[in-house]
Amino acid sequence: MRSATEPQSHFARLSAATAESTSSWFSFWSRPAPIHVGERHLRARYRVTVDEFLAAFPDTGGKRMLDYGCGEALDARRLAAVGMEVLLYDRSEYFHRRLVPRFAGAKGIAVLDNASLGGLPAASIDHLLVCSVIQYLDGNELAALIRLAHELLKPGGVLILADIIPDSLETLPDTLDFLTYSIRHRFFFSGLRTLFDMLMTNYRSHLRENDLARYDLDALSALLAEHGFTPSLADRNIGISRARKTLFARKPA
């Protein structure tokens with residue numbers, strides 16, 4: 001733990017950046033959102049994310065992973081079952097309240113609040129997964145998150161920025177990719193309803209007011225390199241979309 005006399009941590013600076021942000025995405029995700037319709041859709045999203053993570057990082061035994069912005073984290077037990085210590089964090093109080101009873105007493109899984117995340121020792125994490133999160137961050141929040149990752153990761157540890165929306169990705173291909181996914185996982189009609197609900201509810205107004213952040217992958221890689229990481233583009237996205245991208249950023253050993 002850090003003492004009160006130590007310099008301000010990167011987590012404190014991240015919290016400050018978040019508090020100063022003008023984005024309203026945080027308020028949107030602080031309550032139930034019309035992004036998933038039905039249990040099959042919800043579970044498929046988390047199952048695919050864990051499938052892709054384990055395919056990319058098969059050597060999991062004894063590793064410690066922080067899932068930052070974990071949402072419902074429905075497949076966290078699968079990660080614990082293969083020998084990982086899983087730390088779950090979501091700054092949305094809505095998700096935190098759901099996670100605490102869900103994983104109470106679960107072996108190998110801990111749900112973190114702001115205080116426990118801020119108290120993590122430096123160089124104590126092997127993998128830091130940030131899946132489908134950075135599209136909701138502004139530049140200051142993203143930079144603060146990258147600095148936090150560099151502080152928490154062990155030498156040789158990996159920051160995984162997953163489900164990045166490339167600046168070249170158009171809305172229609174991304175939507176069609178989602179519908180293909182809904183067919184593959186047998187919730188096509190629920191998927192159509194999801195898209196309808198997103199258009200008819202305040203998600204659309206949030207999109208008008210706060211565009212999802214899109215990234216030039218070369219520029220994002222350069223930003224990661226500036227903060228001491230060695231970035232590389234993953235062969236496959238860790239997430240439901242085939243059109244979105246994942247960057248691995250390794251902290252040098």
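- In this structure, the ring of F248 has its center no less than 6.0 angstrom from the ring center of F229.
- Using a 4.0 Å cut-off between charged nitrogen and carboxylate oxygen, E85 and K63 do not count as a salt-bridge pair.
- Here R78 contributes atom CZ and F53 contributes atom CZ; the two are 11.5 Å apart, rounded to the nearest 0.5 Å.
- In the hydrophobic cluster analysis, where Ile, Leu, Val, Met, Phe, Trp and Tyr join through side-chain heavy atoms closer than 4.5 angstrom, M65 is grouped apart from L161.
- Hydrophobic clustering (ILVMFWY, side-chain heavy atoms < 4.5 Å, transitive): L137 and Y68 are in one cluster.
- The CG atom of D216 lies 5.0 Å from the CG atom of D167; values are rounded to the nearest 0.5 Å.
- Side chain of R250 to backbone of G156: a donor-acceptor contact under 3.5 angstrom is found.
- Under the 4.0 Å criterion applied to side-chain N and carboxylate O atoms, R45 and E72 are not assigned as salt-bridge partners.
- Going from atom CZ of R244 over to atom SG of C131 covers 9.5 Å, rounded to the nearest 0.5 Å.
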| task | Check step by step if side-chain contact (heavy atoms from CB on, under 4.5 Å) holds for L220 and L142. | result | CA-CA 10 Å; L220 183 54; L142 176 62; 4.0 Å; yes
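- We find that D75 and R47 are not joined by a salt bridge, their nearest charged nitrogen and carboxylate oxygen being 4.0 Å or further apart.
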| message | Run the side-chain contact (heavy atoms from CB on, under 4.5 Å) test on H127 and K154 for me, step by step, so that the C-alpha distance in whole Å, both residues' side-chain angles and the decisive distance to 0.1 Å come before the verdict. | response | CA-CA 9 Å; H127 299 95; K154 299 175 182 178; over 6 Å; no
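- One hydrophobic cluster, built from ILVMFWY side chains closer than 4.5 Å, holds both L152 and L112.
- The two residues V130 and L159 come nearest to each other via the heavy atoms CG2-CD1, 3.9 Å.
- K251 places a side-chain N or O within donor-acceptor distance of the main-chain N or O of H150, the cut-off being under 3.5 Å.
- At a threshold of 4.5 Å between side-chain heavy atoms, the hydrophobic network of Ile, Leu, Val, Met, Phe, Trp and Tyr places V158 and L120 in two separate groups.
- At a threshold of 4.5 Å between side-chain heavy atoms, the hydrophobic network of Ile, Leu, Val, Met, Phe, Trp and Tyr places I109 and L74 in two separate groups.
- Checked against the 6.0 Å centroid criterion, the rings of Y89 and H96 do not qualify as a close aromatic pair.
- Between the side chains of D113 and S116, at least one donor N or O lies within less than 3.5 Å of an accepting N or O.
- Considering all non-hydrogen atoms of both residues, T246 and A162 come closest at OG1-CA, 3.4 Å.
- Residues A253 and P155 come closest through the heavy atom pair CA-CB, 3.7 Å.
- L223 contributes atom CG, which lies 9.0 Å from atom OH of Y215 (distance to the nearest 0.5 angstrom).
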| query | Is there a side-chain contact (heavy atoms from CB on, under 4.5 Å) between I238 and V48 once you walk through the steps? | reply | CA-CA 8 Å; I238 293 179; V48 168; over 6 Å; no
| task | Carefully, step by step, assess L247 and S232 under the rule side-chain contact (heavy atoms from CB on, under 4.5 Å). | result | CA-CA 6 Å; L247 282 174; S232 61; over 6 Å; no
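- In this structure, the separation between CD1 on I146 and CD1 on I134 is 7.5 Å, given to the nearest 0.5 Å.
- Under 4.0 Å is where a charged nitrogen must lie from a carboxylate oxygen, and between D163 and K245 no such pair does.
- Put simply, the side chain of T60 gets close to the backbone of V82: a donor and an acceptor are under 3.5 Å apart.
- A salt bridge links R242 and E52; the closest N-O separation between the charged side-chain nitrogens and carboxylate oxygens is under 4.0 Å.
- The minimum heavy-atom distance linking S124 with R64 is given by the pair O-CD, 3.1 Å.
- We find the CG-CG distance between L145 and N140 to be 12.5 Å, quoted to the nearest 0.5 Å.
- Here the closest non-hydrogen pair linking L88 and V86 is CD2-CG1, 3.6 Å.
- For the residue pair A213 and I165, the shortest heavy atom distance occurs at O-CB, 4.1 Å.
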